[in-house]
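What follows is a single structure, written as structure tokens, with notes after it.
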Amino acid sequence: MNDGAVHITDLVKTYTDDRGRPTFTAVKKINLEINNGEFMVLVGPSGCGKTTTLRMVAGLEKITSGTISIGERVVNDLEPKDRGIAMVFQNYALYPHMSIFNNMAFGLQLAKKKKDFISETVSRTSKALGLDHMLERKPQALSGGQRQRVALGRAIVRNPQVFLFDEPLSNLDAKMRVQMRSEISRLHGQLGNTMIYVTHDQVEAMTMGDRICVMKDGLIMQVADPLTLYRQPENLFVAGFIGSPPMNLLKGKVEKGDSGLVFKEAADQNAVTIPLKGPIEAIAGKVVGKPVVFGIRPEHLTEESKNGSTAPVSSTIDIAEPMGSESLVYMRAGTGNLIARIHGESLYHMGQPITVYVNLDKVALFDAETESVLR
């Protein structure tokens, strides 16, 4: 298989008005290395530049400056058909007048492949995707999930160096999204091609990507494997974006208390004070008196106390969401809600007093001004 590594260097996309004057820079000099055979997910909120980046890799959007290489080739000036890529769109982009077979075969026909080769390739691919019994149907006779499979099949038969996915599951219902997530991941395992996948859904990103590139305002915030992103976010944006529900973030200061350092929330009412012991103590000692943001994941707030490594926080319940084997409990705090993921099948009620225990070994502190994690 040809080298499908993608090298993005100092990539910029600036849009201009009719007179050529810059109006908006969507992608701001980003650098990203995607390894051959890797499943890379670009994730971020709407307008962060992820789809624009993907479209520049595809050749559907002109590059303002910088370079994109696929394998050893710089592809800046190549037509999409010459780049060794295949793209799967959000809206499927199927030809409504063609049968499923012809939709999947169209790219091979344009490439003037032999009929026997086309037939065998489409047949093999359609069988793998569970479409082999419906090849004579038209797209309008298919469900959303089936149409997305056809779009996948059309990309697969071309055997590209790189697959590009532009939010391919956002038009599907929740159950079908979960099913298609696992199908795309399974296909990646079977095919071994490089895949670049754009989504705004961080659950999709966490469950599918070998590595994840988190973007915001045209910049890359962090690139790492899913667990590293979750456990070691480099800044407030990643901490608040990755995880469902996201990390609890409270604004305040590190102060010297009677028995050591404490985090004290900057609030007049319902202010939270938490001792800073364990791994975070040395870090906190460098920022005494300075504005910080205290971070803790919901699953690290529990109803069980462990001597020395936990600290109690008492509050009242604002909202409780029973999920079966666990509950998400939202508690009132001074600068925002504290969310606890509590295991067990207990029911909680609004206004109920509750004490949870912070796992002090799992605390993160962020600089309030730069928003970077403190180390």
Kindly indicate whether the side chain of P45, heavy atoms from C-beta on, has any atom under 4.5 Å from the side chain of H200.
no
Taking Q148 for its side chain and G145 for its backbone only, find out whether a donor-acceptor pair lies under 3.5 Å.
no
Taking side chain as C-beta onward, heavy atoms only, is I68 less than 4.5 Å from T9?
no
Would you say R83's side chain and V57's backbone share a donor-acceptor pair under 3.5 angstrom?
yes
Run the side chain to side chain donor-acceptor pair (under 3.5 Å) check on R21 and T16 step by step: do they pass?
CA-CA 5 Å; R21 294 176 298 193; T16 57; over 6 Å; no
Is R332 salt-bridged to D318, going by a charged N under 4.0 Å from an acidic O?
yes
Please evaluate residues E234 and S372 with respect to the criterion side chain to side chain contact (heavy atoms under 4.5 Å, CB included), reporting the C-alpha separation (whole Å), side-chain torsions for both, the decisive distance (0.1 Å), and the verdict.
CA-CA 6 Å; E234 290 186 354; S372 295; over 6 Å; no
A quick test of your reading: do over 12 heavy atoms of other residues, nucleotides or ligands sit less than 6.0 Å from CD of Q190?
yes
Would L32 end up clustered with M195 when hydrophobic side chains under 4.5 Å apart are linked, directly or stepwise?
no
Considering only heavy atoms from C-beta outward, does the side chain of F117 approach that of L108 to under 4.5 Å?
yes
E204-T199 side chain donor-acceptor pair, cut-off 3.5 Å:
yes
Does G243 offer a backbone N or O that forms a donor-acceptor pair with the side chain of Q202 under 3.5 Å?
yes
What is the minimum heavy-atom distance between A239 and L249, and which atoms define it?
CB-CD2, 4.4 Å
Between M247 and L365, is there a shared hydrophobic cluster once you connect ILVMFWY residues whose side-chain heavy atoms come closer than 4.5 Å?
no
Y92 side, atom OH; L142 side, atom CG - distance, nearest 0.5 Å:
10.5 Å
Under 3.5 Å side-chain donor-acceptor pair for T14 and T25:
yes
Answer yes or no on whether K13 is positioned over the face of Y15, meaning its NZ or CZ is under 6.0 Å from the six-membered ring centre and within 45° of the axis.
yes
Has K277 got a side-chain atom pairing as donor or acceptor with L261's backbone, closer than 3.5 angstrom?
no
Parallel, tilted or perpendicular: rings of Y95 and F106 (30°, 60°)
perpendicular
At what distance, to the nearest 0.5 angstrom, does CG of N159 lie from OG1 of T121?
9.0 Å
E120/R124 ion pair, N-O < 4.0 Å
yes
Would you say the side chain of V150 lies within less than 4.5 Å of the side chain of L129, judging by non-hydrogen atoms?
no
Would you kindly confirm whether V254 and L250 end up in one hydrophobic cluster when ILVMFWY residues are joined by side chain heavy atoms under 4.5 Å apart?
yes
Starting at OG of S170, measure out to CG of N91 and round the result to the nearest 0.5 Å.
9.0 Å
Are L60 and M87 packed together at the side-chain level, in the sense that at least one heavy-atom pair is separated by less than 4.5 angstrom?
yes
Is the CG atom of D17 crowded by more than 12 outside heavy atoms at less than 6.0 Å?
yes
When you measure from the side chain of N248 to the backbone N and O of I339, does any donor-acceptor pair fall under 3.5 Å?
yes
Just by distance, no angles: are the side chains of D116 and S119 close enough, under 3.5 Å, to form a donor-acceptor pair?
no
M215 side chain near T53 side chain, heavy-atom distance below 4.5 Å
yes
Is N35 reaching over with its side chain to a backbone N or O of E38, donor-acceptor style, under 3.5 angstrom?
no
Please report the closest heavy-atom contact between G4 and T194, naming both atoms and the distance.
O-OG1, 2.8 Å
Decide whether V75 and I196 are clustered together by the hydrophobic rule: side chain heavy atoms of Ile, Leu, Val, Met, Phe, Trp, Tyr closer than 4.5 Å, transitively.
yes
Without swapping roles, check the side chain of N193 against the backbone of P160 for a donor-acceptor pair under 3.5 Å.
yes
Taking every heavy atom of N31 against every heavy atom of I220, the minimum-distance pair comes out as O-CD1, 3.4 Å
Under a 4.5 Å cut-off applied to non-hydrogen side-chain atoms, are S315 and N270 in contact?
no
Of all the heavy-atom pairs spanning T355 and P312, show the shortest one and how long it is.
CG2-CB, 4.0 Å
Spatial distance of atom CG (L172) from atom NZ (K175) [nearest 0.5 Å]:
13.5 Å
Determine whether a donor-acceptor pair (N or O, by modelled atom type, separation under 3.5 Å) exists between the side chain of S327 and the backbone of V329.
no
Applying side chain to side chain contact (heavy atoms under 4.5 Å, CB included) to Q146 and M134, what does each step give before you reach the verdict?
CA-CA 10 Å; Q146 289 167 338; M134 56 181 75; 3.4 Å; yes
Give a yes or no on whether a salt bridge exists between K251 and E265, defined as a side-chain N under 4.0 angstrom from a carboxylate O.
no
Over 60° means perpendicular and under 30° means parallel, so tell me whether F39 and Y197 are parallel, tilted or perpendicular.
tilted
Verdict with reasoning, L301 to R341, per side chain to side chain contact (heavy atoms under 4.5 Å, CB included):
CA-CA 7 Å; L301 294 173; R341 188 193 295 273; over 6 Å; no
Please give me the minimum heavy-atom distance between V262 and P275, naming the atom from each residue.
CG1-CA, 3.9 Å
If you compare all heavy atoms of M56 against all heavy atoms of L11, which two are closest, and at what distance to 0.1 Å?
CE-CD2, 3.6 Å
Examine the side chains of T310 and N359 and answer whether a donor and an acceptor come within less than 3.5 Å of each other.
no
Going through the distances and angles, do L94 and R147 end up as a side chain to side chain contact (heavy atoms under 4.5 Å, CB included)?
CA-CA 8 Å; L94 302 177; R147 290 181 200 181; 4.0 Å; yes
Going by heavy atoms in the side chains, are K28 and D217 under 4.5 Å from each other?
yes
Is the number of heavy atoms from other residues, nucleotides or ligands within 6.0 Å of CD (E72) greater than 12?
no
Heavy atoms of other groups near R186 CZ, more than 12 under 6.0 Å
yes
Short side-chain to backbone donor-acceptor contact, D166 and Q90, under 3.5 Å:
no
Salt bridge present between E183 and R149 (N-O < 4.0 angstrom):
yes
Separation of S244 OG from M206 CE (nearest 0.5 Å):
10.0 Å
hydrophobic_cluster_shared for V313 and Y330, side chain cutoff 4.5 Å
no
Short question: side chain of E345, backbone of S325 - any donor-acceptor pair under 3.5 Å?
no
Inter-residue atom distance F241.CZ - Q222.CD, 0.5 Å rounding:
13.0 Å
Any donor-acceptor N or O pair under 3.5 Å, side chains S99, E136:
no
